[in-house]
Amino acid sequence: IYLDNIYATLYGKFGLFFFVPILFFIVLLKNYSSKQVYNYLVLYFLLVGLTNSFIYQPYLPWFLFVLAITLNKTRAKS
């Protein structure tokens, strides 16, 4: 079974500062999305992060594209 956890990968790369990229992502989402969209996206990326280290995967641009489109639509409605 292949299992590559984003949190273990970041911990191995940054040590105790592994939470800094996660906090940056959460602050970015909180500032540019509504509460409902924020909750869904954080839950989605946290669950994906449990099973994949998506920063090394070829589908990272797709994640970033979906995130940018979602945040753009949310900000336009506000």
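Keep in mind it's a predicted model, so treat the numbers as computed, not measured.
Listed by chain and residue number, Phe25, Phe54, Phe63 satisfy the ring pair (Phe, Tyr, Trp, His ring centres under 6.0 Å) test with Phe45 (two or more places apart in sequence, or in another chain). Residues satisfying the ring pair (Phe, Tyr, Trp, His ring centres under 6.0 Å) test with Phe14, not counting sequence neighbours, are none. Qualifying side chain to side chain contact (heavy atoms under 4.5 Å, CB included) partners for Leu47, counting only residues two or more places apart in sequence or in other chains: Leu43, Leu50. Residues satisfying the ring pair (Phe, Tyr, Trp, His ring centres under 6.0 Å) criterion with Phe18, sequence neighbours excluded, are Tyr11.
In this structure, CG on Leu41 lies 10.5 Å from CG on Leu28, to the nearest 0.5 angstrom. To the nearest 0.5 Å, the span separating CG on Leu46 from CD1 on Ile6 amounts to 11.0 Å.
Between Tyr38 and Ile26 there is a side-chain heavy-atom pair separated by less than 4.5 Å.
Not one N or O on the side chain of Tyr44 forms a donor-acceptor pair closer than 3.5 Å with the backbone of Asn39.
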(message) side-chain contact (heavy atoms from CB on, under 4.5 Å), that's the test. Do Tyr7 and Ile22 meet it? Break it down for me.
(response) CA-CA 9 Å; Tyr7 313 113; Ile22 295 169; 3.5 Å; yes
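Hydrophobic clustering, with ILVMFWY side chains joined whenever heavy atoms are under 4.5 angstrom apart, keeps Tyr40 apart from Val48.
Residue pairs meeting the side chain to side chain donor-acceptor pair (under 3.5 Å) criterion with at least one member in residues 21-30: none, sequence neighbours excluded.
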